[in-house]
Protein chains: 2
Amino acid sequence: MFVRITTDRRPQPSTLDEFDLTSAFDRIIGLGEFTYRKGTEIFGEKEPAVYVYQVKHGAVRSYKLLSDGRRQIGAFHLVGDIFGLENGDKHRFTAEAVVETVARLIKRESLQLAAARDTVVSQNLLSMITRNLEHAENHMLLLGRKTAVERVAAFLLEMDCRTGADKMSLPMTRLDIADYLGLTFETVSRALSSLRKAGVLTFLDHDQREIMLNDRRQLADFDPQGPAQP
Amino acid sequence: MFVRITTDRRPQPSTLDEFDLTSAFDRIIGLGEFTYRKGTEIFGEKEPAVYVYQVKHGAVRSYKLLSDGRRQIGAFHLVGDIFGLENGDKHRFTAEAVVETVARLIKRESLQLAAARDTVVSQNLLSMITRNLEHAENHMLLLGRKTAVERVAAFLLEMDCRTGADKMSLPMTRLDIADYLGLTFETVSRALSSLRKAGVLTFLDHDQREIMLNDRRQLADFDPQGPAQP
DNA sequence: GCAACCCATTGAGCTAAATCAAGGGACTCA
DNA sequence: TGAGTCCCTTGATTTAGCTCAATGGGTTGC
């Protein structure tokens with residue numbers, strides 16, 4: 001399939017294609033795929049939410065900024081993930097391609113229409129938002145109360161769980177990870193080094209983005225869990 | 001109306017009463033009101049979610065714990081607020097009464113039933129969850145990237161906005177505020193003192209829980225906003 | 001080839017917030 | 001009435017993580 005590559009933020013439909021954000025949304029017609037170059041903005045905070053997106057290839061970061069440039073990444077979106085889904089009519093995050101990324105687009109309008117007609121679709125919408133909420137709640141605990149090494153361990157476990165592969169290939173830089181974990185990139189680097197020295201993981205390439213987890217149990221010990229259940 | 005006071009966590013219905021979590025839920029019959037003493041647990045994290053609650057009087061804190069006791073309060077629920085609303089069947093937070101609190105209860109079951117029948121109810125459910133998500137997203141930015149004074153200023157603005165009254169009467173201790181903002185209670189105390197010295201606020205009582213905001217504009221200057229819009 | 005980036009690591013020193021510590025007012029309750 | 005408990009404030013000290021700085025390997029583009 002032909003895919004346009006552009007830095008223009010406004011998506012141009014490349015093909016009409018059946019929409020498959022999830023199996024429940026199958027009947028909705030999407031606008032096809034669109035490619036974003038590394039570092040490109042997909043949509044901006046407070047812009048009108050026109051589309052909903054699904055990552056086909058690549059990775060996306062969603063973040064909020066403060067006026068002086070401090071950045072908090074709220075989530076990374078990997079292959080298969082849906083992002084830009086809003087209940088209100090404005091985006092609450094800016095979304096950028098972490099690496100060259102292909103996304104499927106659907107008009108928010110048509111999704112809301114489908115949700116109004118079909119309770120299965122609206123149920124799926126609700127559980128999607130709920131998953132986002134759960135993630136944010138866990139992340140608040142991480143940001144408010146965990147140490148640097150605990151945060152990095154939690155991040156690795158999250159990524160390991162989401163990618164599923166034996167070795168992880170992180171698409172994002174240390175700075176991205178830092179802005180996700182509420183740290184600086186130096187602190188992330190030091191935490192990763194200390195985990196490597198502890199034998200928990202091995203770097204496989206020069207950039208140290210390819211990471212092999214040697215001992216998930218030991219890694220999990222670095223990330224404290226909630227209190228034991230009665 | 002007679003209200004039972006108890007420390008037993010399992011609610012006993014005191015009256016049958018029309019349910020009014022929101023106007024859209026009017027037709028659902030609630031289980032009436034229930035009173036929790038200061039410091040009482042209303043429900044625990046990972047317990048089955050049987051009820052949904054609305055604060056009639058008092059205040060509630062929702063929090064997660066780490067195994068070593070570190071606590072992150074995710075939200076305070078004030079009069080009128082609904083809490084304990086779950087899409088899944090387990091609570092994701094522990095909820096405790098901050099002060100003596102009266103709550104209205106409704107069976108989650110009957111709410112879900114109503115949502116399945118009535119799109120207005122399910123729409124309200126969705127927008128309620130969305131508001132929670134929005135709050136969590138903003139709180140991630142606060143926890144990940146704001147300084148102590150900025151966090152406390154943001155907290156005061158949030159409380160001021162939610163209570164609406166001219167003077168604020170905070171129901172929670174400095175420790176509660178600290179666990180909400182990812183700080184220690186000493187740091188919260190110091191930040192409040194420095195805002196007082198800056199003339200932004202005045203303490204009205206001995207416990208310094210009654211706070212008068214002298215200059216909301218100046219207070220807002222302590223809490224950095226997102227980047228200017230184009 | 002080589003300059004210009006970008007990204008990562010590591011060391012040295014600094015600082016914002018945590019920790020430790022003392023003190024005091026208000027309330028409860030025996 | 002007075003001991004005990006909470007809660008808050010403030011001061012002194014420590015420390016986890018930030019800032020600043022140097023280095024080095026890829027990659028890109030001329």
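All values derive from a computational prediction rather than experimental measurement. Within every chain, numbering begins at 1; the chains are lettered A, B, ... in the order of the sequence lines, protein sequences first and strands thereafter.
Here Leu183(B) lies in heavy-atom contact (under 4.0 Å) with sugar-phosphate atoms only. When heavy atoms are screened at a 4.0 angstrom cut-off, Gly39(A) is found touching no nucleic acid atom at all. Using a 4.0 Å heavy-atom distance criterion, Arg196(A) is classed as a sugar-phosphate-only contact. Base engagement by Arg190(A) is indicated by at least one non-hydrogen atom pair under 4.0 Å involving a base atom.
Summary of the strand contacts: Glu186(B) and Thr173(A) both lie near DNA chain C, and taking for each the nucleotide with the nearest heavy atom, the more 5' one is attributed to Thr173(A). Mapping Thr187(A) and Lys38(B) onto DNA chain D via the closest heavy atom, the residue that lands nearer the 5' end is Lys38(B). Mapped onto DNA chain D by nearest heavy atom, Lys146(A) and Leu192(B) fall at different nucleotides, with Leu192(B) at the one closer to the 5' end. Between Val188(A) and Arg145(A), the one whose closest nucleotide on DNA chain C sits nearer the 5' end is Val188(A).
Ion pairing of Glu100(B) with Arg37(B) is absent here, as no side-chain N (NZ or NE/NH1/NH2) approaches a carboxylate O to less than 4.0 Å. For Arg190(A) and Glu186(A), the salt-bridge test fails: no basic side-chain N is under 4.0 Å from an acidic carboxylate O. Between Arg108(A) and Glu86(A) there is no salt bridge, since no side-chain nitrogen of the basic residue lies less than 4.0 Å from a carboxylate oxygen of the acidic one.
Here the two rings, on Tyr180(A) and His139(A), have centers that are under 6.0 Å apart.
The footprint of chain A on DNA chain C, defined by a heavy-atom cutoff below 4.0 Å, extends from dC7(C) to dA12(C). Taking a heavy-atom distance under 4.0 Å as the criterion, the stretch of DNA chain D touched by chain B extends 5' to 3' from dC7(D) to dA12(D).
Cation-pi geometry between Arg174(A) and Phe185(A) is not satisfied (NZ or CZ under 6.0 Å from the ring centre, within 45° of the ring normal). Geometrically, Arg61(B) does not engage Phe76(B) in a cation-pi contact, judged by NZ or CZ lying under 6.0 Å from the ring centre and within 45° of the ring axis.
The backbone N or O of Arg209(B) lies less than 3.5 Å from no partner atom in the side chain of Asp207(B), so there is not a single donor-acceptor pair.
Summarising the local packing, NZ of Lys90(B) is surrounded by more than 12 heavy atoms from other residues, nucleotides or ligands at distances under 6.0 Å.
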